[in-house]
Engineer: 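Dropping the structure in here first, questions after.
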Amino acid sequence: MRMNTPRAFWLAFFLTLAVVVPLLGSFALWAVWQQADQAMRAAQSTSGLRVQVPTGENTFNLLAVVAGEDPAFVLVRPDAAGGTLEIWTVPAKSVVRTTSGSYTTLQDCYDDAGPGRAAQALADTLGIEVRYYLAATRTGWGTIADGLGQIRVNLDGVADPASLARAGLAEDPVAQLAPARLDELLEQLGCTGTETDGVRAAVWLAAARQKAEQLPTVLPDGVRAAGGLLTDLTALDINTLAQTLEFWVNGQGEVDGGVLPGDWNARDGRYEFSDETLSFAAERLGGAGGETEKAG
């Protein structure tokens with residue numbers, strides 16, 4: 001029997017299709033199933049992840065206190081959602097209102113009742129919330145800031161010419177130092193009063209700008225490592241601080257600060273807040289505004 005007839009050809013052709021078509025169809029279905037399975041796995045792997053964004057917990061005021069016979073006060077406000085970090089020194093002789101309605105200075109309030117009472121008096125006077133306070137000795141602040149390394153700070157217009165001359169900075173007012181050595185710089189300058197507050201603000205601001213990437217780890221780790229702290233920060237609050245600074249850095253946040261606005265009363269040796277101070281606090285520090293009263 002001859003097998004090369006047209007009939008034999010078509011018979012072989014259809015037999016081949018009967019075998020190949022199911023195979024091709026099975027392969028196509030397998031490929032589609034593989035793609036769907038991969039997409040499902042990818043969706044399952046990401047569905048449990050929570051996208052982290054700043055909340056109200058990541059905006060707060062913290063009063064930092066450098067403890068000692070001549071304490072220093074710095075009001076720090078990170079606002080992760082707003083992308084800002086505010087650093088304002090508050091003169092120790094600032095007039096504040098106590099819970100009893102009497103008036104005293106921030107330093108006297110701190111000396112009499114500690115950093116918690118000082119933070120509350122400042123909050124009540126400015127019409128703001130001070131969520132946290134952190135007081136450490138100069139050695140403690142050295143431990144907290146130790147990991148930041150060297151910074152450069154321009155003191156032109158911050159320190160008086162006579163102070164710059166005493167520190168050997170008359171020709172070049174740019175000082176290079178580790179933030180932990182701030183008090184040594186202040187001793188070299190020999191400045192007093194609000195000039196000291198201006199220099200302190202300049203150093204803290206320079207550290208925040210130049211070492212921003214390091215802040216989310218160095219500062220929380222430093223707080224955990226430092227001893228002898230007086231603070232209401234819990235372990236969870238320190239984690240919130242680290243998270244807040246991380247949000248701020250990732251958002252390429254801005255830094256601003258200086259000496260909190262007010263007027264120096266040379267006769268009484270006190271720093272007095274004004275309506276301008278309250279307006280500033282309402283705008284920049286989350287305050288409610290209001291009217292100031294003068295201490296009698």
Side-chain angles (χ1 to χ4, degrees), residues 62-68 70-80 83-91 134-161 163-226 229 238 241-242 244-260:
L62 178 149
L63 181 64
V65 183
V66 183
D70 296 310
F73 303 88
V74 184
L75 195 56
V76 181
R77 180 181 178 82
D79 181 351
T84 59
L85 177 63
E86 306 268 357
I87 301 174
W88 298 94
T89 53
V90 186
L134 171 62
T137 62
R138 283 161 173 77
T139 300
W141 282 109
T143 300
I144 293 172
D146 186 56
L148 294 179
Q150 296 280 316
I151 63 168
R152 291 171 59 84
V153 54
N154 189 347
L155 298 176
D156 185 29
V158 178
D160 292 338
S163 300
L164 293 174
R166 280 192 293 269
L169 299 172
E171 298 297 326
D172 182 7
V174 178
Q176 182 167 323
L177 72 156
R181 313 301 289 269
L182 168 58
D183 286 301
E184 293 181 13
L185 174 63
L186 291 173
E187 289 180 6
Q188 294 170 3
L189 292 167
C191 51
T192 59
T194 55
E195 184 185 1
T196 298
D197 296 303
V199 172
R200 188 178 302 278
V203 172
W204 281 51
L205 287 167
R209 291 182 177 121
Q210 297 170 29
K211 303 294 181 176
E213 296 290 337
Q214 297 171 238
L215 296 183
T217 53
V218 170
L219 294 189
D221 288 348
V223 172
R224 296 184 185 102
L229 303 179
I238 296 174
L241 172 63
T244 300
L245 292 173
E246 188 69 37
F247 280 137
W248 171 74
V249 170
N250 291 340
Q252 298 180 337
E254 300 178 352
V255 183
D256 195 15
V259 181
L260 191 68

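This structure is a prediction, so every number in the text was calculated from the model and none was measured. Worth knowing before you read on, the calculation uses all heavy atoms, side chains too, and leaves out hydrogens, waters and symmetry mates.
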Engineer: Which distance, rounded to the nearest 0.5 Å, do you find between the CG of D70 and the CG of D183?
Structural biologist: 10.0 Å

Engineer: For A80 and F247, work out which heavy atoms get closest and say how close.
Structural biologist: CB-CB, 3.6 Å

Engineer: Using side-chain contact (heavy atoms from CB on, under 4.5 Å) as the criterion, point out the one residue from L134, L85, L63 that pairs with V76.
Structural biologist: L85

Engineer: For the CD atom of E86 and the CG atom of L260, what is their distance to the nearest 0.5 Å?
Structural biologist: 10.5 Å

Engineer: Which pairs with one or both residues in residues 188-213 pass side-chain hydrogen bond (donor to acceptor under 3.5 Å, both in side chains), sequence neighbours excluded?
Structural biologist: S163-E195

Engineer: If we ignore hydrogens and angles and just use 3.5 Å, is the side chain of R138 paired with the main-chain N or O of A67 as donor and acceptor?
Structural biologist: yes

Engineer: Taking atom CD of E254 as the centre, report whether more than 12 heavy atoms of other residues, nucleotides or ligands fall under 6.0 Å from it.
Structural biologist: no

Engineer: Does the T89 side chain pair with the main chain of G258, one donor and one acceptor, at a distance under 3.5 Å?
Structural biologist: yes

Engineer: CD of E246 to CG of L241: how many Å apart, nearest 0.5 Å?
Structural biologist: 11.5 Å

Engineer: With a 4.5 Å cut-off on side-chain heavy atoms, are P179 and I151 touching?
Structural biologist: yes

Engineer: So if I apply the side-chain contact (heavy atoms from CB on, under 4.5 Å) rule between V153 and each of L177, L205, L182, V199, which one comes out positive?
Structural biologist: L177

Engineer: Distance from L169 atom CG to Q176 atom CD, nearest 0.5 Å?
Structural biologist: 11.5 Å

Engineer: Show me the side-chain donor-acceptor pairs of residues 140-149 shorter than 3.5 Å, one per line, residues at least two apart or across chains.
Structural biologist:
residue : atom : partner : partner atom : Å
W141    : NE1  : V65     : O            : 2.8
W141    : NE1  : A136    : O            : 3.2
T143    : OG1  : T139    : O            : 3.3

Engineer: Can you name the closest pair of heavy atoms from A202 and L155 and give their distance?
Structural biologist: CB-CD2, 4.5 Å

Engineer: Compare every heavy atom of A208 with every heavy atom of V255, then report the nearest pair and how far apart it is.
Structural biologist: CG1-CB, 4.0 Å

Engineer: Can you check whether L229 reaches V223 side chain to side chain, under 4.5 Å on heavy atoms?
Structural biologist: yes

Engineer: Using side-chain heavy atoms (C-beta onward) and a distance below 4.5 Å, is L164 in contact with L189?
Structural biologist: yes

